[in-house]
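Following: one structure in structure tokens, then a few remarks.
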2 protein chains.
Amino acid sequence: MTPEPNILIVDDEAAIRDMIGIALDTAGFRSTTASTALDAHVNIIDQRPDLVLLDWMLPGGSGIELARRLKRDELTASIPIIMLTAKTSEDNKVQGLDVGVDDYVTKPFSPRELVARIKAVLRRSTGNLKDKPIRVFDLEMDPASHRVMVEDRAVEMGPTEYRLLNFFMTHPEKVYSRDHIQDQVWGANVYLEERTVDVHIGRLRKALSAASKTGINYSALIQTVRGAGYRFSTRHN
Amino acid sequence: MTPEPNILIVDDEAAIRDMIGIALDTAGFRSTTASTALDAHVNIIDQRPDLVLLDWMLPGGSGIELARRLKRDELTASIPIIMLTAKTSEDNKVQGLDVGVDDYVTKPFSPRELVARIKAVLRRSTGNLKDKPIRVFDLEMDPASHRVMVEDRAVEMGPTEYRLLNFFMTHPEKVYSRDHIQDQVWGANVYLEERTVDVHIGRLRKALSAASKTGINYSALIQTVRGAGYRFSTRHN
DNA sequence: TGCAATGTTACATTTTGATGACACGTACTG
DNA sequence: CAGTACGTGTCATCAAAATGTAACATTGCA
């Protein structure tokens, strides 16, 4: 998504949260924290972190429950989870992996090891999904290089416009309401003025228009659907 | 699309029920209330609300229990639940409530936040049901892209004509009075001149006629039934 | 033919979307 | 550290589309 991946740390001990937070910070990650499964779930719904560090031994044993839930729910299933566990017994490892957790780290661990594992998991998960460029006529979006090209020339646009275009190109031929677009591009439960979406649509269109030298106007791909929202479509309006 | 979503508020404190009820009302939702888990369960089975706001701490059979039951029962599992939780209560007890609810709101909350979360959850749950396109000869309506096509070319029409055609195509071969059409297309409790329906029928017919290049006149599908109303039918008048 | 029902057109009003301007915050630079 | 450039969200304003109604035209049945 954004430059620095956002990591959610879930642990009931403040000391551990802080320690990990500092480690991630120096490694160039952003991080947020939660001390209960409940807080964690709310955070995940709202912020959609790029990865979750989840303590196995949350009071009530709800850490594994949360992991199971996250992997079952389509909305959150793709978010990688690394389990933190104090126990070294094989049972736990097996159980954790059963749930669909991506990796586990046993306490005590070195910050260095943790960061290495995080990077490995992120590389795996982002590499698989996002690497394939999407092309529509001479408009190409390459998530790997985080770049948009029109007729083989780079298009300049802000991060929000990039995410917006990315959302549209991965969800073509369907209308989305402004609310829905806000959910997808800004994150759920972020309150914005509805018109803000319009403004960014305008900016994206402008960027696309300015980019073409051949007279093909790629901004026409982003269609206004009166009374309903916007649509990315190759078909004529 | 559907009229106003119906929200069930489950809380044992009347003051909170009222407060939420008013907030939902101003946000354009309908709401019903229940003060006990039992009432709530009966209501849910009878009314099938679009969403349940559930206080997690209910006397005589906790809210968590109800949530668990609802999510376990196939009949009710698809009804989204938002849990109302008290931030002040002991976190220990909160652990067990990770039972598959869709979101949480912690008391005290602002009406605005509540409404935003309700909308987000509703959007998520209804967005999953994908409407399938309806096709009659070479007239196709695709709700997902919010488009009407005749002979593979887009047909231009206003939102009201779109809703009108959508109603007809999902209710073919039956006459509907102008009153009934008003209820379905404009919504109940909207008063309009009866002639207004005629005008929009006219506009829809015009749009359909103008769209065909093959000489087939799709406006003939919308038939006038003198003295009764209108009918969408593939059979000849 | 006469009359009620329906179709059509024009128009004032309302709603909705596009866009430029601006203020604020942040990161970068000299 | 000041200065600058940039990204972002909001607002005011303009333009365009949609809407509902009334007036008038046409149709079709008794």
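Chain letters run A, B, ... following the sequence lines, proteins first and then strands; every chain starts at 1.
- Distances shorter than 4.0 Å separate some side-chain N or O of A:H200 from OP1 or OP2 on D:dG9.
- Atom CD in A:E193 sits about 14 Å away from atom P in C:dG17, given to the nearest Å.
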Encode nucleotides 6-16 of chain C as B, S and - characters from 5' to 3', where the letter depends on protein heavy atoms closer than 4.0 Å: B to the base, S only to sugar-phosphate, - to neither.
BBBBB-----B

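- Note on B:T160: every side-chain N or O is 4.0 Å or more away from OP1 and OP2 of D:dA18.
- In the model, B:S177 has no side-chain atom that pairs as donor or acceptor with a side-chain atom of B:Q182 under 3.5 Å.
- Among the protein residues, B:E161 comes within range of the sugar-phosphate backbone only, with heavy atoms under 4.0 Å from sugar or phosphate atoms but none that close to a base.
- Residues satisfying the ring pair (Phe, Tyr, Trp, His ring centres under 6.0 Å) criterion with A:F167, sequence neighbours excluded, are A:H171, A:Y176.
- Atom CD in A:E194 sits about 13 Å away from atom P in C:dA18, given to the nearest Å.
- The pair B:K119-A:D179 does not count as a salt bridge, with every side-chain nitrogen at least 4.0 angstrom from each carboxylate oxygen.
- With respect to B:R17 and B:D11, no salt bridge is recorded, no charged nitrogen being found less than 4.0 Å from a carboxylate O.
- Distance, B:L164 CG to D:dA18 C1': 14 Å, rounded to whole Å.
- Separating the OH atom of A:Y162 from the P atom of D:dC6 is a distance of 21 Å, rounded to the nearest angstrom.
- In this model, the phosphate group of D:dT19 is not approached by any side-chain N or O of B:W186 to a distance below 4.0 Å at OP1 or OP2.
- Under the rule for a side-chain contact (heavy atoms from CB on, under 4.5 Å), A:A210 has no partner lying at least two apart in sequence or in another chain.
- Of the N and O atoms on the side chains of A:Q223 and B:R147, at least one donor lies less than 3.5 Å from an acceptor on the other residue.
- Rounded to a whole Å, the CD1 atom of A:I181 is 11 Å from the P atom of C:dG17.
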